[in-house]
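Some notes on the structure that comes next.
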Amino acid sequence: MEGNYNPQKLKAAYGRLGHGKAKADAMRYAIQQADLNNDIPYMVFFRQEFCNEAMWYADEIDIYTVFPELLALIDRYPDTEPVLPNNDINDIMEDILYIYGSMVVDSSDYYQIPFKECERLFDDYTKRMTSAGYSASLPYRYRAAFYTETGHSAKAAEYFNAYKKCPADPDECPGCLTTSEIHYYLFNNMKEKADQLAAKIEDGTIACRDDAANKSFSLLRLKINYVEYYIMHGDYERAAECSDVLRCKNRQEREFVAPDFEMCSYVYKNPGHGMNLYRNHWHEWEKDRDPYDKFISFMCAACFFKGIKKQRDKDTVKIYADNSFPLYNGSNVYKLDSLIEYYYNGAKEIAGKFDNRNGTSKFIDELNMSFKNVL
């Protein structure tokens with residue numbers, strides 16, 4: 001053992017930090033120390049902890065380098081006694097497969113990951129899930145969502161139909177299953193089917209298990225899907241209705257905080273609130289390392305400012321920002337045309353990178369449709 005290596009102290013050190021980059025960096029240091037000391041159980045454990053942190057609070061893209069190392073260690077040392085992350089987890093593979101599932105379904109968010117590599121990850125995830133005794137239902141459902149997001153509708157239908165034929169695992173949440181099906185129907189031009197299922201969530205017939213804690217997760221997931229759909233189709237009245245529900249019922253769960261969608265949806269109903277959201281969040285959108293999220297934020301901003309211009313007699317808007325603002329001019333007054341052009345072109349650039357990766361025109365089509373449909 002090198003120096004005063006003590007994995008428990010390393011764990012305690014990052015455990016005292018708040019979520020985010022500093023904690024993730026401390027976990028990286030712990031990984032390095034475990035590697036230097038060839039401490040297999042903690043080489044696995046620290047990587048597992050890092051992936052959970054990055055998935056929710058830091059840079060998710062980092063999982064795509066660290067998680068394969070974690071899998072390789074497990075494959076190479078299958079008999080190593082694991083260090084359990086917390087008292088709630090008795091089976092290390094359950095947590096690892098959960099991380100893997102989140103990773104593969106979010107692989108569509110990063111054009112840096114080649115399309116064939118995404119498909120390879122899905123193949124491996126499916127194999128590991130079924131080898132562990134789980135149904136292929138979840139991998140097929142995730143894969144249908146991946147092909148929907150990347151614009152491969154025939155492949156999406158293939159895996160969605162395969163998912164529907166699979167028996168669900170007993171612990172799968174009925175609300176999550178339903179909202180994922182609604183997403184599939186909405187974004188594959190089957191809105192009537194989506195609406196039929198949505199009615200069952202609206203009236204409480206179907207709910208997430210977490211709804212027992214009065215968090216209304218299924219309803220919030222439903223509204224996130226619909227607000228995106230309505231913005232794309234230019235139905236801002238209904239988009240605002242969805243945002244009303246999100247604002248009313250949201251308990252600040254990170255999954256349901258979507259200031260870009262909310263800003264855009266209120267462009268006609270409450271443009272002042274939309275401008276406040278923009279002023280409070282533009283800097284986050286500039287720094288976002290998730291290119292899919294940045295695409296959505298820039299697309300929403302382009303549509304929002306186009307809608308603002310349609311309502312105003314003047315062609316400028318006040319934005320109090322420092323010199324990190326992309327169009328900073330020192331006057332706090334900015335032309336709406338300049339803002340529209342900046343955000344549209346930014347979204348278009350990202351869309352091109354996604355479409356090149358995916359071999360489709362899905363992203364540029366979605367951008368142009370949303371932009372065209374601003375009333």
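Between Phe354 and Phe363, the two ring planes are parallel [angle under 30°; tilted spans 30° to 60°]. Ring geometry, His19 versus Tyr57: the interplanar angle falls under 30°, so the pair is classed parallel (tilted spans 30 to 60°). Ring geometry for Tyr42 versus Phe45: interplanar angle over 60°, hence perpendicular rather than tilted (30 to 60°). Ring-plane geometry between Trp285 and His281 is classed as parallel, the angle between the planes falling under 30 degrees on a 0 to 90 degree scale with a further cut at 60. Tyr344 and Phe371 have tilted rings, their planes meeting at an angle from 30° to 60° on a 0 to 90° scale.
Checked for salt-bridge contact, Asp35 and Arg47 meet the test: a charged N lies under 4.0 Å from a carboxylate O. Salt bridge absent: Glu341 and Lys335 never bring a charged side-chain N and a carboxylate O closer than 4.0 Å. Ion pairing of Asp337 with Lys309 is present here, as a side-chain N (NZ or NE/NH1/NH2) and a carboxylate O approach within less than 4.0 Å. Between Arg28 and Glu53 there is no salt bridge, since none of the side-chain N atoms of the basic residue sits less than 4.0 Å from a carboxylate O of the acidic one. The pair Glu60-Arg289 fails the salt-bridge criterion, with no side-chain N (NZ, NE, NH1 or NH2) lying under 4.0 Å from an Asp/Glu carboxylate O. Remark: Arg238 does not engage Glu241 in a salt bridge, criterion side-chain N to carboxylate O under 4.0 Å. Under 4.0 Å is where a charged nitrogen must lie from a carboxylate oxygen, and between Glu149 and Lys362 at least one such pair does.
Under the 3.5 Å distance criterion, with hydrogens and angles disregarded, a donor-acceptor pair is assigned to the side chains of Tyr266 and Asp244. Donor-acceptor pairing under 3.5 Å is recorded for the side chains of Glu49 and Tyr14. Side chains of Asp124 and Tyr100: a donor-acceptor N/O pair is present below 3.5 angstrom, by distance only. Side-chain atoms of Asn358 and Thr150 include no donor-acceptor pair closer than 3.5 Å.
Ring centers of Phe146 and Phe122: under 6.0 Å apart, within the cut-off.
With hydrogens and angles ignored, the 3.5 Å screen pairs a side-chain donor or acceptor of Asn6 with a backbone N or O of Gln8.
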